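Reading through the structure tokens given below for one structure.
For this chain, numbers begin at 1 and follow the sequence in order. Note that the coordinates shown come from a computational prediction; the quantities given were computed from them, not determined experimentally.
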Amino acid sequence: FSGINTGEQMTKKNGAAISLLEIPILYNTDDGMRIYDNNIDVCSLEYANIENRKKPVGMNLSDAVGWPDITVNPGEVGIDPSSGRFKFSQGKAGTITIVGKYTNSGESYCGVYANGNYAYLGESSSGMYVLDISNPKSPRRVGKYSLSGNINGLVGNGNYAYLINYQSDFGATSVRIIDVSNPGTPTSVGNFGISSRVYDIYPLDKYVFVAHSTGLRVIDVSNPQTPVNRGMYEQESRNTVYGVYVRGGYAYLAHATNGLEILDVNNVNNLNRVGQCRLSSVKTGSQPYAVYVSGNYAYISYGAGGLQIIDVSKPEAPVFVGKYDANMNDESVYKTYVCGNYAYVISYKKDSVLYNVYVMRILDISNPKAPILIQQYQENSGKPIFDSYDISISKGLAYITDAFNVMRVLDIPMPPELPIGSVTVDYNYMPGPLNITLTSPNGGEILSGTSSNGTASLTNIAWNIHGGVAPYKAS
């Protein structure tokens with residue numbers, strides 16, 4: 001960065017200009033850049049411990065196109081290499097509205113993973129569909145992976161999808177690993193079996209954590225053609241795990257008997273339980289079906305017991321802090337997704353008039369002791385098959401399955417995603433000394449000084465956010 005309140009083209013180490021299209025490729029390389037929130041790369045897996053990790057995207061953030069009013073999609077950080085500017089999503093107001101649907105008579109959808117311009121959709125009897133969602137008003141099928149049997153779930157991670165195929169005749173599950181790097185021709189690259197029913201999978205780096213009817217299994221998929229069993233946490237009875245979420249060296253389990261269980265998984269070959277929090281509700285049908293972890297809290301989808309919130313800042317001593325179950329008569333919460341201060345809660349409701357209804361609620365969880373309903377959407381649809389309920393959020397849209405023959409696309413309000421701590425930018429520049437000026441979107445200077453980094457070609461520029469507005473330009 002150079003010049004007072006003016007930008008300069010960002011370049012690679014050889015002096016070649018960085019283009020918009022190269023931002024995702026060069027991010028976190030010696031030729032590129034990194035953006036940190038309190039010393040954690042905002043685009044890293046580690047950032048998922050405190051917030052939803054971001055996707056680096058090249059964007060035109062120039063004054064000519066109307067900076068700073070340019071919209072950045074939720075879950076992304078926009079970077080303009082021509083000026084060195086970057087910007088996070090400032091959230092999105094509005095009302096839950098249905099944007100589009102994908103439907104086919106006689107089918108039943110049981111899991112969805114949205115990534116970029118594609119969504120991967122599990123179908124209960126025929127396998128997986130690949131949908132082009134570049135126009136979310138009318139998703140269209142562009143690929144298919146055929147697999148017969150009882151498909152009861154789908155989980156995605158990067159270029160891979162994991163298709164859960166329960167074989168009831170044998171009481172076992174086959175998990176198919178599918179390469180979706182070419183969306184038009186998804187290809188099976190491996191599979192592994194679990195000798196019980198699988199309810200949930202959490203992929204992380206080279207491992208997948210598998211929740212099933214007798215516990216938790218860890219599978220090494222670093223070579224997807226030959227998956228390898230690693231650790232396990234299993235008991236002979238009353239140990240069904242319906243959901244799993246992994247973060248910061250711990251696995252959080254939605255446990256049928258014990259509520260929330262927490263395992264130390266730093267050594268995947270030796271899983272150890274370190275804490276648990278039993279849950280209770282007077283409502284018949286209360287059952288931990290899924291778990292989502294964000295910040296210091298675990299969010300349990302607790303069936304008729306609503307949404308239960310647990311403080312897990314001390315994994316060895318988790319503490320129940322709050323719940324939301326208001327006006328949830330004859331209703332079961334099956335799935336929850338958390339982004340910032342919002343929880344997106346999906347449930348099934350038995351209605352005397354409409355019969356079967358699926359409900360989506362958005363809750364303000366800024367005070368986890370007392371969640372507040374922001375908005376609610378419901379539609380006459382859905383079946384009481386809990387592990388077929390799923391939600392995937394991408395670019396401010398929610399993709400939802402509910403065991404019915406429709407995948408819905410909902411436009412939803414989103415919270416702002418400005419970092420909450422100190423922000424640091426890594427970028428190569430000419431040897432100093434360097435005069436530094438940081439400017440906020442309203443044009444005010446919020447920090448200035450001199451770097452005396454006389455010989456190094458790399459330094460950190462760090463500042464604290466003032467008034468919730470991130471400075472956008474370093475000169």
Quiz item: Does the ring pair (Phe, Tyr, Trp, His ring centres under 6.0 Å) test come out yes or no for Tyr242 and Tyr199, once each step is laid out?
Solution: CA-CA 5 Å; Tyr242 289 117; Tyr199 291 103; 4.8 Å; yes
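The closest side-chain heavy-atom distance from Thr173 to His212 is not below 4.5 Å. Using a 4.5 Å cut-off on side-chain heavy atoms (C-beta onward), Val155 and Pro203 make contact. Counting heavy atoms from C-beta on, the side chains of Ile177 and Phe192 come closer than 4.5 Å. In this structure, Asp179 and Tyr160 have side chains that are in contact, with non-hydrogen atoms separated by less than 4.5 Å.
In this structure, a donor-acceptor pair under 3.5 Å is present between the side chains of Ser134 and Asp132. In this model, a donor atom of one side chain and an acceptor atom of the other lie less than 3.5 Å apart for Tyr377 and Glu379. Under 3.5 Å, the side chains of Arg176 and Asn165 contain no donor-acceptor pair of N or O atoms. Of the N and O atoms on the side chains of Arg247 and Tyr245, not one donor lies less than 3.5 Å from an acceptor on the other residue. Asn150 and Asn152 share no donor-acceptor pair across their side chains, judged by distance under 3.5 Å alone.
One finds the OH atom of Tyr166 at 13.0 Å from the CD1 atom of Ile194 (value rounded to the nearest 0.5 Å). A distance of 11.0 Å separates CD1 of Ile18 from CD1 of Ile25, quoted to the nearest 0.5 Å. Atom OH of Tyr109 is separated from atom CE of Met407 by 8.5 Å, given to the nearest 0.5 angstrom. Rounded to the nearest 0.5 Å, atoms OG (Ser44) and NZ (Lys54) are 11.0 Å apart.
Nearest approach of Phe88 to Ile35, heavy atoms of both residues: CZ-CG2, 4.1 Å.
When the salt bridge (charged side-chain N to carboxylate O under 4.0 Å, His left out) test is applied to Asp325, the partners found at least two apart in sequence or on another chain are Lys323. For Lys206, the salt bridge (charged side-chain N to carboxylate O under 4.0 Å, His left out) test picks out no residue, with sequence neighbours left out.
The list of salt bridge (Lys or Arg N to Asp or Glu O under 4.0 Å) pairs with a residue in residues 224-233, not counting sequence neighbours, reads Asp220-Arg230.
Taking 4.0 Å as the cut-off between side-chain N and carboxylate O, Glu123 and Arg141 do not count as a salt-bridged pair.
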